[in-house]
Asker: 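Okay, handing you the structure first.
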Amino acid sequence: MLQREVSDDIRNDIELWTGCIAGALHIDEYRRLLSAAGFEEVHIEPTRVHDIADGAVMSAFVRARKPKYDRPHGETH
């Protein structure tokens, strides 16, 4: 996950892609996608900031809640 954008050099480095760095999502985009998928109470807790790209890359615990889906009356599947 990214705390801020990284350079094109980093984005285009195949070794960093295979290490899940170059394709990492920005924290705000990650939050937006979780919300768009229906998750609520999204919390992202950084656990480690990496030395790559001057600290832009981090590991994190991601917690979110998906509300229970209530089927309309009479729906069975």
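Because the structure is a prediction, the values reported are computed rather than measured.
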Asker: Could you check whether atom CG of N12 has more than 12 heavy atoms from other residues, nucleotides or ligands sitting under 6.0 Å from it?
Answerer: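 Yes - once you tally the heavy atoms of other residues, nucleotides and ligands closer than 6.0 Å, there are more than 12.
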Asker: Of the non-hydrogen atoms in P67 and G38, which two are nearest, and what is the gap between them?
Answerer: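 Taking P67 first and G38 second, the nearest heavy atoms are CD-O, 3.2 Å.
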Asker: I'd like to know whether E29 forms a side-chain contact (heavy atoms from CB on, under 4.5 Å) with L2, so could you lay out the CA-CA distance, the side-chain angles of the two residues, the decisive distance to 0.1 Å, and finally the verdict.
Answerer: CA-CA 9 Å; E29 177 70 357; L2 299 175; over 6 Å; no
Asker: What's the shortest heavy-atom distance between V49 and G55, and which atoms?
Answerer: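 Scanning both residues completely, I find the closest heavy atoms to be CG1-O, 3.3 Å.
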Asker: Using only atom types and a distance under 3.5 Å, with no angle test, would you say the side chain of S59 pairs donor to acceptor with the backbone of T47?
Answerer: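 It does not hold such a pair.
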Asker: Looking at A60 and P46, what are the two nearest heavy atoms and their distance?
Answerer: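 Distance-wise, the nearest heavy atoms are CB-CA, 4.0 Å.
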Asker: What's the spacing between I10 CD1 and I21 CD1 if we round to 0.5 Å?
Answerer: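 These two atoms lie 9.0 Å from each other.
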Asker: Should V6 and M58 be regarded as members of a common hydrophobic cluster, given that ILVMFWY residues are connected when their side-chain heavy atoms come within less than 4.5 Å of each other, either directly or indirectly?
Answerer: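 Result: no, two separate clusters.
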Asker: Would you say the side-chain atoms of H26 pair up with the backbone N or O of Q3, donor to acceptor, closer than 3.5 Å?
Answerer: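 Answer holds: yes.
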Asker: To the nearest 0.5 Å, tell me how far L16 CG sits from I52 CD1.
Answerer: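 Result: 6.0 Å between the selected atoms.
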Asker: Would you give the length of the straight line joining atom NE2 of H43 to atom CD of E41, rounded to the nearest 0.5 angstrom?
Answerer: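 Answer rounded to 0.5 Å: 5.5 Å.
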Asker: Quick check for you: to the nearest 0.5 Å, what is the distance between R65 atom CZ and L34 atom CG?
Answerer: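 Atom-to-atom, R65:CZ and L34:CG are 13.5 Å apart.
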Asker: Do E5 and R11 meet the salt-bridge criterion of a basic N to acidic O distance under 4.0 Å?
Answerer: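 So R11 pairs with E5 through a salt bridge.
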Asker: Would you say that M1 contacts V62 through its side chain, given a criterion of any heavy-atom pair below 4.5 Å between the two side chains?
Answerer: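 Yes; the side chains approach each other to less than 4.5 Å.
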Asker: Just checking E40: does its CD atom have more than 12 heavy atoms from other residues, nucleotides or ligands closer to it than 6.0 angstrom?
Answerer: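 Result for CD/E40: enclosed.
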